[in-house]
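The residues of the chain are indexed from 1 along the displayed sequence. The figures here come from the full heavy-atom set of this structure, side chains too, leaving out hydrogens, waters and symmetry mates.
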Amino acid sequence: TRVTVASLHLPHTKEAAPYRNYLVGSIMDQLVSQSSGGGVILTGDFNMRDFEDKTTEKLCGGHWKDAWKLPKTLSQAISRDEERQKRNEV
């Protein structure tokens, strides 16, 4: 099975949300079109806020999974939530 892997680093500001959505959508479309039906892994620093998640996860048919949302332990989940609260992203 062929797997396509790519990495990105998107703009970080809250105001860049529409541009991030455009960029990630374009990248995902390109990866899916070149994947020959195999798996696709897109990794990197998306710099997205919580309010952007649903829009991004629906791109390209909605089969994307956000690894950030899949903590290995409850303590990791709590730690991530605390970090977001400190940055006023919740």
Side-chain angles (χ1 to χ4, degrees):
T1 302
R2 182 178 171 174
V3 176
T4 303
V5 179
S7 178
L8 55 74
H9 189 177
L10 298 176
H12 70 280
T13 64
K14 184 176 182 179
E15 296 76 26
Y19 186 51
R20 272 193 300 276
N21 186 56
Y22 165 76
L23 289 173
V24 79
S26 298
I27 292 166
M28 288 176 173
D29 285 341
Q30 189 68 25
L31 291 172
V32 169
S33 72
Q34 295 181 0
S35 70
S36 303
V40 176
I41 298 172
L42 179 57
T43 186
D45 190 348
F46 286 71
N47 278 313
M48 293 191 172
R49 309 307 191 269
D50 288 343
F51 71 87
E52 298 174 76
D53 289 348
K54 289 181 183 176
T55 302
T56 303
E57 291 167 359
K58 291 178 183 175
L59 295 171
C60 298
H63 300 291
W64 293 91
K65 303 292 182 216
D66 184 349
W68 183 255
K69 291 182 176 181
L70 304 172
K72 293 181 173 67
T73 68
L74 181 58
S75 64
Q76 286 176 328
I78 293 169
S79 175
R80 288 178 183 169
D81 285 341
E82 289 171 349
E83 289 173 19
R84 280 190 230 141
Q85 287 174 354
K86 287 178 187 173
R87 295 190 307 259
N88 294 321
E89 293 180 7
V90 176

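Side-chain contact between M48 and L10 is present, with at least one heavy-atom pair separated by less than 4.5 Å. A 4.5 Å side-chain heavy-atom check between F51 and K14 finds at least one atom pair inside the cut-off. Side-chain contact between P11 and L23: present, with at least one pair of heavy atoms (C-beta onward) separated by less than 4.5 Å. Using a 4.5 Å heavy-atom threshold, the side chains of R20 and T56 count as separate. The closest side-chain heavy-atom distance from L31 to L42 is below 4.5 Å.
Atom CD of E52 and atom CZ of R49 lie 6.5 Å apart (nearest 0.5 Å). Rounding to the nearest 0.5 Å places CE of M28 at 13.0 Å from OG of S35.
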### Message
Go through it in stages, so that I can follow the logic: the residues are V5 and V40, the test is side chain to side chain contact (heavy atoms under 4.5 Å, CB included), and I'd like the CA-CA distance, side-chain angles, deciding distance and then a yes or no.
### Response
CA-CA 6 Å; V5 179; V40 176; over 6 Å; no

### Task
Could you check N47 against H9 for side chain to side chain contact (heavy atoms under 4.5 Å, CB included), going step by step and ending with a plain yes or no?
CA-CA 8 Å; N47 278 313; H9 189 177; 3.6 Å; yes

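Hydrophobic clustering, with ILVMFWY side chains joined whenever heavy atoms are under 4.5 angstrom apart, keeps I41 apart from L59.
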